[in-house]
Amino acid sequence: MIAIPGSATHGKARHAVSSINWINGDRAQSSIYRDTLHLLHRTTTISLSQVQQIHAQLLRTGLYDLPHYRTKLLSTYANHHRFSDAKSLLHSLLKPDLLSFTTLINAFSKFKEFKNTLNLFSELLANGLYPDAHVLPSIIKACTGILAVKIGKQVHGFSVASGLSLDPFVESSLVHFYVKCDELDGAHKLFKNMVEKDVVSWSALAAGYARKGDVLNAKKVFNEVKGLGLKPNTVSWNGMIAGFNQSGCFLDAVFMFQQMHARGFTSDGTSISSVLPAIGDLGYLNSGTQVHGYVIKTGFLIDKCIVSALIDMYGKCGCALEMSKVFEDTGLVDVGACNALIAGLARHGLVDKALRVFKELQDQGMELNVVSWTSVIACCSQHGKDIEALELFRGMQAAGVKPNAVTIPCLLPACGNIAALTHGKAAHCFSLKSGISDDVYIGSALIDMYANCGKIQVARCCFDRMPARNLVCWNAMLGAYAMHGKANDAIEIFHLMQRSGEKPDSVSFTSLLSSCSQSGLTEEGQHYFESMSRDHGIEARIEHYACIVSLLGRAGKLEQAYSMIKKMPFVPDACVWGALLSSCRLHHNMSLGEVAAGKLFELEPMNPGNYILLSNIYASKGKWKEVDKVRDTMRDKGLRKNPGCSWIEVKNRVHMLLAGDKSLPQMDKILDKLNRLSMEMKKAGYLPNIDNVLQDVEEQEKEHILCGHSEKLAVVFGILNTSQGSPLRVTKNLRICGDCHVFIKFISGFEGREIFVRDTNRYHHFKDGECSCGDYW
DNA sequence: CTAGGGTTAG
C-alpha cells in the first residue's frame, strides 16, 4: 500500500490508494493513471516496488513519454537511492530534456552524491542544454561538498556571464561555496553585492570567519546584522559558537554562548555541544558544571554529542571521577562517548586504564572508529609505549578501519622513538597514497621521525617538498638540525623561515641556540640570543638561558656563564646548573664546578650523574681525597660505588670518539697512552679517570666532541619484552643486544665500526653485527 | 526545488 502522509483524509488520495492495485490489471485506463500520478506528486513515501509497477505500466500505456511523468519517476527512483536505475532511465530517453537532468541533478545533490552530480552536469552540457537557475545551486552545492574549487569558480563565471548570478539561490550558494573554500574575502565581497541578503548567507559568512579564527571579521560581520535588516536565529549563534570552538578561540565561543542567552535566545543541543569543549579547554569547571545542570534539567542527556562533550569537558578540567561518572550514569552506548572517555583517561596519565577500557569495548563488540583507534595510538606514543602503538596500528588495519590524516602524526613519533624506520616509511607511503601527505601535521611528524631515525637528508627532503608550511613545520626542521648538532643548517633554515614570512617563536630559538651551543658557534649563539627580544619581541625563557650557559661554558667562558646565571630573571633550575657543571668538567674548573654541583645536589639529590661529574673534576686535578668523599656520599645515598673511575668508560669514550670521526690512524697512539697512564694510576691505588687520561686526546679531538656527534651516535632505547615476542623487526638502525635484550638505536651510520654504548648501569659492546654487554661498574 | 550550526584523536 501507498502511505500518503498528511493527505490521507483527502478524498482523491483515498481514490488513488484504492485504484493503485488496478495498475496490474489489464483494464487499467489512462485517465486513472493520470489521477494516480497527479496524486503521487503530492505523496512523499512510496515503495520501490510500486514505483517499478508504475514504471512498467507507463511504458505499456505510452504515457511514459509525457515529461511530467518521467520526471516524477526519476525523482522517485533517486529518492529511494536507486541512483544507477535513475541514471539508466535518464539515459534510455531519446532526448533527455533540461527538466529530466535538473530533477536528477537536484536529487543527487540532495543525497550528497556530489561526484554523480558533477558528472551529470557535464552530460547536461554535452547534450547541448543550457543550465538555468533551477540547476545551478545544486551544482555549486556539489562543488562545495567535494571542494571542487576550479569547477566552482567556472560555474561562478558562467553564472555571471549568463546573468544567473542574480538569482537569490545561486547567489547564496556561491557565498557558501567561497566560505567553505576558505576564500572568506571573496565570499564577503559577494555577500556585500547580494541583491537580496538573507540570514543564511550572512550566518554562513560570519561562521566562516569564526571557523578560521578571524575573530575581528567574524564579530564585525555578525554585528552588522541590524543594519542589514536581518534577524539572527539559533543557527546563526550556533555557527559562531562552533566556529570559535573549532579555531581555538575558546573565550569568544563562551562569550557568544553567554551573549546568546543575554539576548533572549535559547540554546539547543548544538550550542551546548559546541560550547562545552571550549569551556573544558579554558578549565572553567564552574561554568561546565552549570551547563551540566542545565543539560540534566532540559533532558539533553540523551544527546550523544552532548554526553561526549560533557565527558571531554570534565576530562579537560581534571575531574577524572566526574568524567567516569557521566559515562557510567548515562548508560549510553556511543562510540563518541567512549572515545572521549579514553582520551580523558589518557590525559590524566592513566594509560593502562585507557588501554583496558579500549580492549573491553573491543571485546564487547563495540564498533570502534578512526577516532577510537587514533586516540589509543596517540595515548601509547605519548607515554613511551611505542611498540604498543605500532601493534595497535596493525590491529587497526586488521579491523578494517582506515587511518586518516590525524592517525599518521600520532603514529610517527612512536616510529621515531625506536628508530623503526620501516614502519615510519610505511606510514609515509600510506599518506602519499591516500593523498593526505600535504597535511602540515603529517609533514612535521615525518621530519621529526626521519631525523630521529638518523635520516636527516630525508627529513630535509620532506621539508622541501611541502607545498605549505606553518610554524610547527619550520620548528620541526630546526629541531631536526639541532638534534644532529648541525648549526649551520639550522641557521640557514632560520633565515629561510623569516624570508618566507613565518615568525620564529621561543621553540625556534631553543633549537637554534642549542645547535649553536653544540657546534661551538659562540658568537652566533650570543647574537641570536640578544636579537631574540630586541628584534623578535620574544622574552628569553629559562631553557634559552640554559642554552647560553652551555654555549659560554663549552667555549670556556665559565665566569661569563656563571654571571649569566646570576643575572637571569629566573630561579635557575637543574638544566641551567647542569650545563654549568658539564662545562666545568670539560674545562676542569673546580671552584665553579663545586658551586654548580652544590646547587644540583639540592635540586636532584638522587641523580648519580652530578656526583660523577664533580668527582671527574676532582680526579682531573688529582684531588683523590675529594673523589673518595664524593664516592662515600654516593654510597650513603645508595647510588653508585665507584664514580668516575671506570676503565670501561675510558674505552667507551675512545670508541665513541673514533666512531664519530676519521681519526682511526691515531688509535694505537691513544691506546698506548691510555695503557701507560692507567698502569700508573692503578699502581697508585686508583682506577684511571676518564678526564685525566683523555685530556690529551680531548685537546686533539675537541672539535669532534664539541660537534656533539660522538654523543649522538647511539642511544640505548629500552628493554625488549621477550615474553611476548616483538612485532618489531631489527631495522638497519636498530639492534638488540643479544645478552640483555636492550634495544640500541643508532642515529648515524655505524657499519664496520666497533662501538661501545652506555646505558645507565650497563655497557653494550657492538662489533661485527653482534652485541654483548656487561656491568658498567 | 530550496541553503547556514554539533562531540571525541594531532
Side-chain angles (χ1 to χ4, degrees), chain A residues 71 75 99 102-107 109-110 132-138 140-141 144 167-177 179-180 198-208 210-211 232-246 253 256 260 267-278 280 300 303-313 315-316 327 334-344 346-347 354 368-379 381-382 396 403-413 439-442 444-445 472:
Chain A
T71 312
S75 66
L99 185 61
T102 305
T103 310
L104 203 50
I105 284 176
N106 287 340
S109 176
K110 187 170 125 196
D132 62 4
H134 293 296
V135 73
L136 279 188
S138 292
I140 300 165
K141 192 183 158 194
T144 314
D167 180 276
F169 286 137
V170 175
E171 256 185 335
S172 84
S173 46
L174 277 172
V175 170
H176 190 212
F177 167 75
V179 168
K180 281 280 141 98
D198 60 326
V199 219
V200 176
S201 310
W202 166 76
S203 313
L205 183 65
R211 207 180 300 117
N233 54 29
T234 314
V235 179
S236 324
W237 287 98
N238 288 350
M240 295 296 279
I241 300 170
F244 282 137
N245 173 45
Q246 284 161 15
M256 289 313 272
M260 177 182 187
S267 51
D268 65 359
T270 305
S271 349
I272 295 171
S273 48
S274 299
V275 80
L276 274 173
F300 272 132
D303 187 315
K304 290 191 279 189
C305 289
I306 291 184
V307 173
S308 310
L310 266 177
I311 294 172
D312 171 65
M313 183 276 293
K316 283 174 181 163
F327 181 78
D334 170 56
V335 220
C338 299
N339 294 344
L341 180 72
I342 291 171
R347 195 174 281 124
L368 297 163
N369 60 18
V370 218
V371 180
S372 333
W373 286 97
T374 307
S375 338
V376 81
I377 288 172
C379 171
S381 68
Q382 283 162 11
M396 176 180 189
N404 66 12
V406 182
T407 317
I408 304 301
C410 292
L411 176 74
L412 285 172
D439 185 280
V440 282
Y441 286 102
I442 293 181
S444 312
V472 181

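Chain letters run A, B, ... following the sequence lines, proteins first and then strands; every chain starts at 1.
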**Student:** Are any side-chain N or O atoms of A/Ser375 and backbone N or O atoms of A/Val371, one a donor and one an acceptor, separated by less than 3.5 Å?
**Tutor:**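 Yes.
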
**Student:** Have a look at A/Pro409 and say if it touches a base, only the backbone sugar-phosphate, or nothing, with a 4.0 Å heavy-atom cut-off.
**Tutor:**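 Base contact.
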
**Student:** Please report, rounded to the nearest Å, how far the C1' atom of B/dG4 is from the CG atom of A/Leu174.
**Tutor:** 15 Å

**Student:** For the pair made of CD in A/Gln382 and C1' in B/dG10, what is the distance, rounded to whole Å?
**Tutor:** 8 Å

**Student:** Let me know the distance between CD1 of A/Ile140 and C1' of B/dG4, rounded to the nearest Å.
**Tutor:**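 Between C1' of B/dG4 and CD1 of A/Ile140: 15 Å.
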
**Student:** Contact class for A/Ile272 vs. all strands (heavy atom < 4.0 Å): base, sugar-phosphate, or nothing?
**Tutor:** nothing

**Student:** Nearest 0.5 Å, please: how far is OG1 in A/Thr144 from NE2 in A/His176?
**Tutor:** 6.5 Å

**Student:** Take atom CZ of A/Phe169 and atom P of B/dA3, then tell me their distance rounded to the nearest Å.
**Tutor:** 8 Å

**Student:** May I have the step-by-step check of side-chain contact (heavy atoms from CB on, under 4.5 Å) for A/Gln382 and A/Arg347, ending in yes or no?
**Tutor:** CA-CA 10 Å; A/Gln382 283 162 11; A/Arg347 195 174 281 124; over 6 Å; no

**Student:** Taking 4.0 Å as the cut-off, does a side-chain nitrogen or oxygen of A/Lys180 come that near to OP1 or OP2 on B/dA3?
**Tutor:** no

**Student:** With a 4.0 Å heavy-atom cut-off, tell me which residues in residues 233-242 of chain A come close to DNA chain B, sorted by residue number.
**Tutor:** A/Asn233, A/Val235, A/Ser236, A/Asn238, A/Gly239, A/Ala242

**Student:** Need one value for A/Lys141: base, sugar-phosphate or nothing, where a base atom within 4.0 Å counts as base even if backbone is also close, heavy atoms only.
**Tutor:**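 No contact.
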
**Student:** Starting at atom CG of A/Leu136, determine the distance to atom P of B/dC1, rounded to an integer number of angstrom.
**Tutor:** 16 Å

**Student:** Check whether the side chain of A/Ser172 and the base of B/dA3 form a donor-acceptor pair under 3.5 Å.
**Tutor:**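 Yes, the side chain and the base share a sub-3.5 Å donor-acceptor pair.
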
**Student:** Reckon A/Ala107 touches a base, only the sugar-phosphate, or nothing at all at heavy-atom distances under 4.0 Å?
**Tutor:** nothing

**Student:** side-chain contact (heavy atoms from CB on, under 4.5 Å) with A/Asp268: which residues, sequence neighbours excluded?
**Tutor:** A/Thr234, A/Asn238, A/Thr270, A/Ser271

**Student:** Base, sugar-phosphate alone, or nothing: which one does A/Asn404 contact when heavy atoms must sit under 4.0 Å apart?
**Tutor:**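 Base, at least one base heavy atom under 4.0 Å.
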
**Student:** What residues, two or more places apart in sequence or in another chain, satisfy ring-ring contact (aromatic ring centres under 6.0 Å, His included) together with A/Trp373?
**Tutor:**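 With neighbours one apart ignored, the set is A/Phe358.
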
**Student:** Listed by chain and number, what are the side-chain hydrogen bond (donor to acceptor under 3.5 Å, both in side chains) partners of A/Asn369, not counting sequence neighbours?
**Tutor:** A/Asn339, A/Ser372

**Student:** Quick one: A/Met260 CE to B/dG4 P, roughly how many Å, whole number?
**Tutor:**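 Result: 18 Å.
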
**Student:** Does the B/dT8 base have a donor-acceptor partner in the side chain of A/Ser308 within less than 3.5 Å?
**Tutor:** no

**Student:** What is the distance from NZ of A/Lys316 to P of B/dT7, rounded to the nearest Å?
**Tutor:**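 Value for this atom pair: 10 Å.
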
**Student:** Identify whether any heavy atom of A/Ser274 sits under 4.0 Å from a base atom; if not, whether one sits that close to sugar-phosphate; answer base, sugar-phosphate or nothing.
**Tutor:** sugar-phosphate

**Student:** Does A/Val235 have any side-chain contact (heavy atoms from CB on, under 4.5 Å) partners at least two apart in sequence or in another chain, and if so, which?
**Tutor:**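 For A/Val235 the side-chain contact (heavy atoms from CB on, under 4.5 Å) partners, ignoring immediate neighbours, are A/Asn233.
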
**Student:** Between the side-chain atoms of A/Asn245 and the base atoms of B/dG5, is any donor-acceptor pair under 3.5 Å?
**Tutor:** no

**Student:** Which is true for A/His176 with a 4.0 Å heavy-atom rule: it touches a base, it touches only sugar-phosphate, or it touches nothing?
**Tutor:** sugar-phosphate

**Student:** Scan A/Asp439 against the nucleic acid and name what it touches under 4.0 Å (heavy atoms): base, sugar-phosphate only, or nothing.
**Tutor:**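 Contact class for A/Asp439: base.
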
**Student:** Can you check the A/Leu276 CG to B/dG5 C1' distance for me, whole Å?
**Tutor:** 15 Å

**Student:** NA contact type, A/Ser375, heavy-atom cut-off 4.0 Å: base, sugar-phosphate, or nothing?
**Tutor:** sugar-phosphate

**Student:** Check side-chain contact (heavy atoms from CB on, under 4.5 Å) between A/Thr103 and all other residues, then give those that pass, not counting sequence neighbours.
**Tutor:**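 For A/Thr103, the residues satisfying side-chain contact (heavy atoms from CB on, under 4.5 Å) (neighbours in sequence not counted) are A/Thr71, A/Leu74, A/Ser75, A/Leu99.
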
**Student:** With sugar-phosphate meaning primed atoms plus P, OP1 and OP2, does A/Ala207 contact a base, only sugar-phosphate, or nothing at under 4.0 Å between heavy atoms?
**Tutor:** nothing

**Student:** Which nucleotide sits closest to the side chain of A/Asp312: B/dA3, B/dA9, B/dG10?
**Tutor:**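 So the nucleotide nearest the side chain must be B/dA9.
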
**Student:** NA contact type, A/Gln246, heavy-atom cut-off 4.0 Å: base, sugar-phosphate, or nothing?
**Tutor:** sugar-phosphate

**Student:** To the nearest 0.5 Å, tell me how far A/Leu276 CG sits from A/Cys305 SG.
**Tutor:**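 Reported value, rounded in 0.5 Å steps: 11.0 Å.
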
**Student:** Base, sugar-phosphate, or nothing: which does A/Asp268 touch, judged by heavy atoms less than 4.0 Å apart?
**Tutor:**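 Base, at least one base atom sits under 4.0 Å.
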
